[in-house]
Number of protein chains: 2
Amino acid sequence: MKNIMLDERTKKVLCAIVDSYIEKPEPVGSRYIMKKYGFDVCSATIRNIMSDLEDEGFLFQPHTSAGRVPTDRAYRFYVDCIFKETLKLQSAEIKKLIESLTKKLRKLRNNMNSLFLETTQSLSQATKYLGLALLPETDKTALHRIDFIKFKDDFVIAVVVNDKGIVKNKIIRAYPEITQQELNSLAEFVNANYHGKAFDDIREDLFVRLKREKLYWDKLIAKILKICQQALYFSREDLYISGLYNIMHLPDFSHIERLREIAKTIQDRHLLIKLFENISEDDEIKIIIGEENPFEELRSLSIIASPYKEKDKSLGVIALVGPKRMDYQRAIMLVNAFAKSLTDTLSE
Amino acid sequence: MKNIMLDERTKKVLCAIVDSYIEKPEPVGSRYIMKKYGFDVCSATIRNIMSDLEDEGFLFQPHTSAGRVPTDRAYRFYVDCIFKETLKLQSAEIKKLIESLTKKLRKLRNNMNSLFLETTQSLSQATKYLGLALLPETDKTALHRIDFIKFKDDFVIAVVVNDKGIVKNKIIRAYPEITQQELNSLAEFVNANYHGKAFDDIREDLFVRLKREKLYWDKLIAKILKICQQALYFSREDLYISGLYNIMHLPDFSHIERLREIAKTIQDRHLLIKLFENISEDDEIKIIIGEENPFEELRSLSIIASPYKEKDKSLGVIALVGPKRMDYQRAIMLVNAFAKSLTDTLSE
DNA sequence: GTTAGCACTTAAATATTAGGAGTGCTAAAA
DNA sequence: TTTTAGCACTCCTAATATTTAAGTGCTAAC
């Protein structure tokens with residue numbers, strides 16, 4: 001639907017309605033808007049405007065004699081209106097929150113798991129929505145060290161530590177004829193040559209090199225290649241989600257149906273991971289309101305997501321998931337500030 | 001409350017009432033019981049019995065003209081009645097479930113995480129309650145290999161693999177003066193001497209030995225001891241919980257209040273972990289009904305838990321968490337059978 | 001001890017009513 | 001042309017009856 005030009009007053013009325021509905025989830029009446037938001041026209045005028053806005057698909061009337069409720073389109077309009085300004089704002093309360101968070105994060109700088117757990121919990125605490133964080137993509141980080149551990153004859157456990165101190169492991173079906181000795185040599189070789197290198201690059205280079213140099217595992221080369229291939233590829237799966245208990249207190253989720261949706265969303269984390277994988281490439285906060293969501297299952301929710309970075313490299317995403325009737329202003333401020341805090345901590 | 005002697009008919013009536021209420025969560029009337037469970041007395045007689053049972057604290061009447069609802073004490077009585085017999089039972093359906101589970105588990109035998117995830121998911125799937133599993137306590141397993149990885153000057157990451165193939169890691173604040181070289185020696189020393197040994201024993205022995213032999217890290221001994229101490233102690237924290245979405249479909253959790261309790265239970269996993277830690281020492285299925293729970297927060301729920309073992313050594317616990325109005329018969333059969341299946345898989 | 005019969009209780013379902021918030025329309029005013 | 005005042009109309013909500021049905025407890029007879 002293309003964007004209609006709205007005159008200044010109409011815009012103000014629309015924003016007022018959204019604002020009011022966010023504050024209290026009840027259909028908004030013309031008289032209420034007029035008084036509460038200090039419009040200098042009478043309610044009938046507001047009524048006319050509201051009628052127009054309904055024709056344009058911004059408002060929706062539950063029944064003839066009720067007030068109006070914003071549609072997704074209205075939320076989008078509202079968000080576009082306040083977005084830029086909101087990024088510059090920072091209430092005293094939020095400033096305080098951020099300061100305390102930054103302190104905590106600094107202490108946890110070397111323990112990524114705690115760091116992100118703290119972040120999501122604080123996010124949820126501050127908003128009562130779900131707080132999420134997608135860990136740095138392994139591919140975007142650098143290898144700190146790799147180890148191969150022979151396990152039970154025909155398995156190899158690859159333990160990878162990246163430069164963020166995140167430990168990942170993978171059980172790989174392997175071949176009995178490979179010895180721990182040989183695995184040690186392999187690890188030594190990889191560590192010596194690729195410590196501090198990005199995983200992307202390692203994968204590209206390692207195979208070429210292994211084949212070329214052949215070393216002394218000559219006969220095992222094919223098998224070793226296979227092990228390395230698996231050991232160096234990690235799919236994205238580390239998504240932290242906090243605040244289910246918090247979100248259950250919102251009136252928007254007072255119906256069990258809505259909670260089921262949330263439970264399903266949490267259970268099927270891969271949907272959210274997919275969604276965030278794209279966003280982590282972006283440079284700015286991204287806001288997805290209801291119907292805008294590419295995944296149908298998430299269309300009853302709104303999502304505010306922001307990438308966090310190390311220096312200028314985007315690593316992952318933190319986000320809020322809440323009802324469409326979300327306090328966007330506050331949510332945007334918080335996600336923005338939290339992402340900055342996280343970025344600062346990681347860039348230090 | 002001590003156990004009153006009930007005559008045979010009274011017992012039957014009580015069990016019938018519990019049975020009926022489990023099937024359908026509505027206060028049970030005398031006429032219904034008489035007809036449905038084929039009692040050869042008239043409803044007034046049943047009524048008298050019910051009145052007695054209420055006096056004894058087995059039943060509760062929501063209001064004067066309503067039927068009766070079982071109390072926790074009634075559930076306990078019911079469970080004690082059916083327990084022994086239930087352990088011998090096995091419906092065709094459950095047999096099938098177990099066969100399919102056992103097949104799946106066998107394939108996952110070398111990947112504990114997937115193994116337990118599968119177990120809890122299947123448990124929940126089959127019952128619509130929450131399926132839980134507490135991973136084998138590290139202390140009860142044996143060391144497969146340990147590695148110390150220097151990280152960022154003053155940290156050491158200890159990576160421990162146990163004989164179940166479970167990888168755990170710990171970030172330890174350490175001392176800049178320790179080099180990776182020295183850490184390698186230490187790891188080599190531990191691996192050479194303690195591969196296959198139980199963690200309990202290692203901790204006891206290692207410190208004595210390190211001090212005695214002193215080796216060549218002489219000056220660093222205090223620091224190394226501290227690292228080892230931390231590296232070899234893992235608190236229990238790996239609890240799998242599946243089925244939040246399932247449990248939301250039960251009528252018992254159709255009120256948001258009850259769901260909040262569940263959400264809180266899931267969030268505060270340490271409570272459940274504490275509870276299960278004790279049970280894992282037991283030898284048999286343990287059933288905790290409502291008020292019996294040592295933790296107040298869990299007293300609106302019932303829990304069926306069974307240890308699973310390797311050979312004869314109890315490793316951890318699997319469990320179901322559901323409403324007090326639980327299908328105990330089915331739940332007991334399933335937990336029992338699942339634990340056996342898991343034990344078999346781990347003992348092979 | 002058990003049963004039939006009946007009066008009584010209570011919640012839940014249904015119907016009825018009153019109240020109020022809010023609209024849309026019209027005609028007059030700006 | 002836009003805005004306003006006025007008013008009839010709509011429809012929800014909450015409060016209040018009314019009815020219904022399930023189930024009890026009690027009594028007196030078996």
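Order of the sequence lines fixes the chain letters, A, B, ..., with proteins taken first and strands second; residue numbering starts at 1 for each chain.
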Rounded distance (nearest 0.5 Å) linking atom CZ of B/R68 with atom CG of B/L53
8.5 Å
Rounding to a whole Å, what distance do you find between A/I17:CD1 and C/dG22:P?
12 Å
Check each residue of residues 20-27 of chain A for a non-hydrogen atom within less than 4.0 Å of any atom in DNA chain D, then write out the ones that pass by number, or none.
none
For nucleotides 8-20 of chain D, 5' to 3', base contacts (B), sugar-phosphate-only contacts (S) and non-contacts (-) with protein non-hydrogen atoms under 4.0 Å give --BBS--------
Is the closest basic N to carboxylate O distance between A/K36 and A/E23 below 4.0 Å?
yes
May I ask you to decide if the ring planes of B/Y75 and B/Y21 are parallel, tilted or perpendicular, using 30° and 60° as cut-offs?
tilted
Whole angstrom is fine here: how far is it from CG in B/L59 over to C1' in D/dG23?
14 Å
Looking at A/R76 and A/D72, is there a salt bridge between them, counting it only when a charged N and a carboxylate O are closer than 4.0 Å?
no
Atom-pair distance (CD on A/E54; C1' on C/dG22), nearest Å
13 Å
Between atom CG in A/L53 and atom P in C/dG24, what is the gap in whole Å?
12 Å
Between C1' on C/dT2 and CG on B/D52, what's the gap in Å once rounded to a whole number?
14 Å
What residues 34-50 of chain B contributes to the DNA chain D interface at heavy-atom separation below 4.0 Å is B/R47, B/M50
Any side-chain heavy-atom pair from A/L244 and B/I266 closer than 4.5 angstrom?
no
Under-4.0 Å salt bridge between A/K324 and A/E292
no
Hey, is B/R330 close enough to B/E93 for a salt bridge, meaning N to O under 4.0 Å?
yes
Ranking C/dG24, C/dT2, D/dG25 by distance to the side chain of A/Q61, first place goes to C/dG24
With a 3.5 Å cut-off and no angle check, do the side chains of B/R31 and B/S43 form a donor-acceptor pair?
no
Interatomic distance, B/R31 CZ vs D/dG25 C1' [rounded to whole Å]
17 Å
Are B/T127 and B/V335 side-chain neighbours, meaning at least one heavy-atom pair lies under 4.5 Å?
no
Salt-bridged, B/K264 to B/E261, with N to O below 4.0 Å?
no
To the nearest angstrom, how far is B/Y32 atom OH from D/dA21 atom C1'?
17 Å
Are a donor atom and an acceptor atom from the side chains of A/Y129 and A/S302 found within less than 3.5 Å of each other?
no
